[in-house]
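A quick note: this is a predicted structure, and the numbers were derived from the prediction, not measured. We count residues from 1, following the sequence as given.
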Amino acid sequence: MEVLLSCFSSSPASLALRRPTTHPRRLSLLRSTTSWRSPPPTPTIRLSFAAASPSPFDLSPPPIDHDLLDTMVDAGARASDDGTIESFGNDGLALDAAFDGVVVTDLTHFGRVRVVGDDRLHFLHNQTTANFECLHEGEGCDTAFVTPTARTVDIAHAWVMKNAVMLLLSPTTYNSIIEMLNKYIFFSDKVEVNDITKQTCFFSLFGPKSNQIMEALNLHDIIGQPYGTHRHYNVDGLPVTISVGSVLSEDGFSFLLSPSSAASVWQTLIGLGAVPMGGNGWERLRVLQGRPAPGSDLTNEFNVLEAGLWRAISLNKGCYKGQETISRLITYDGVKQHLWGIRLSGPAKPGSEITVDGKKVGKLTSYALGRKDDEHIGLGYIRKQAGHCGAEVLVGGVVGKVIEVPFLRDPTRTQVAGSGDAKI
């Protein structure tokens with residue numbers, strides 16, 4: 001498939017984009033068990049990534065169609081009953097590409113929330129752990145939603161746009177977080193919270209060759225920018241926002257785009273060498289990277305410091321929900337356990353006790369196959385006295401070795417605690 005792309009510093013008329021013919025099969029065929037294969041030959045797709053105009057970015061795309069799903073079906077996608085892509089039948093190949101090449105994953109099932117109004121930065125500043133008041137248009141950060149006792153509800157990725165803040169949230173939490181945010185909007189607050197999940201699509205590009213994909217798209221201007229930096233483009237007049245960071249890493253890129261352009265952009269990324277990865281491979285990659293997830297690693301049992309989310313926390317911004325508890329934990333050395341990666345000798349069940357010399361020292365919270373099908377990896381909370389890189393533990397009778405994982409920084413390095421004040 002020949003792909004012709006160009007990027008402009010101004011906003012010229014976009015080249016015509018010839019959309020692939022809609023396949024008559026839709027959601028029902030997503031349950032196909034065929035393996036991933038290269039996309040069939042298609043007519044030349046001409047994409048023009050043009051820089052957005054100075055006018056406010058408007059997330060008001062056309063109604064959803066299913067061209068993206070049809071495209072994935074044709075590539076061998078298998079989906080759950082709710083339409084979430086589980087696998088392309090290539091999990092091993094995709095995991096290899098995540099470490100040696102580049103993968104693209106559809107994260108459209110994640111929640112996307114748009115916060116607007118003159119008080120939006122101050123409001124989010126008070127409701128989450130990051131310092132929003134030091135951020136400017138085009139910058140972004142990680143932030144955490146926590147309870148008053150600093151238990152983590154979710155990690156959010158935030159993009160500060162000209163007239164809005166876009167939050168990416170986990171699929172299991174975004175509805176409850178929207179309810180929580182609306183609950184704390186007072187009459188005088190100039191804030192509005194909008195759920196744009198069904199109006200948008202979201203892709204994650206991950207792997208050491210991600211920059212090569214961006215170079216092929218002629219999007220050189222965003223390569224090498226700080227984590228969270230995002231810029232607006234358009235494809236045939238439809239909005240596309242691209243950000244530095246891939247949800248699992250500060251490397252890679254994320255795409256927020258209109259459903260009407262999603263299939264063509266997806267095909268282009270695949271045509272440029274990105275390997276498609278489904279949700280099963282993504283879960284394995286999540287655990288390998290060490291990104292904690294709500295419902296397993298982030299629950300009412302564990303606080304945000306135990307979860308190792310230092311880079312999402314500002315210690316210098318004053319009062320916010322959970323701030324008093326976090327301050328006490330740091331002042332009085334109250335963090336008694338930390339989240340670690342664990343390389344396992346066999347399968348283990350989340351919830352299993354972690355023991356050393358017959359004594360319970362923690363709990364396994366996530367488990368997945370590793371990079372290979374005969375490898376096993378987990379995440380678990382381990383008491384400070386027993387948790388250190390290289391420590392040997394038993395996890396429900398399975399031998400394990402404590403390892404560092406990329407997403408979790410060393411929680412004893414308190415100098416990173418102020419990174420919530422930086423434009424990361």
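Crowding of Arg231 atom CZ: a count of heavy atoms from other residues, nucleotides or ligands under 6.0 Å exceeding 12. For His122, the NE2 atom counts as loosely surrounded, since its 6.0 Å shell holds 12 or fewer non-hydrogen atoms of other residues, nucleotides or ligands. Few gaps surround NZ on Lys384; more than 12 heavy atoms of other groups in view lie less than 6.0 Å from it.
Geometrically, Arg311 engages Phe407 in a cation-pi contact defined by less than 6.0 Å to the ring centre and at most 45° from the axis.
The heavy-atom pair separating Pro294 from Thr173 by the smallest distance is CB-CG2, 3.5 Å. The two residues Lys363 and Gly351 have their closest heavy-atom pair at CE-CA, 3.9 Å.
Between Asp297 and Arg286, at least one side-chain nitrogen of the basic residue sits less than 4.0 Å from a carboxylate oxygen of the acidic one, meeting the salt-bridge criterion. Using a 4.0 Å cut-off between charged nitrogen and carboxylate oxygen, Glu137 and Lys162 do not count as a salt-bridge pair.
A donor-acceptor contact closer than 3.5 angstrom is absent between the side chains of Tyr184 and Asp189. Checked by atom type, the side-chain pair Trp159/Ser243 shows a donor-acceptor distance below 3.5 Å. Under 3.5 Å, the side chains of His125 and Tyr320 contain no donor-acceptor pair of N or O atoms. For the residue pair His220/Glu215, the side-chain donor-acceptor check at 3.5 Å is not satisfied. Side-chain contact annotation: Thr172 with Ser170, donor-acceptor N/O pair under 3.5 Å absent.
Taking the six-membered ring where tryptophan is involved, the planes of Trp282 and Phe110 are perpendicular, since the angle between them exceeds 60° and thus also 30°.
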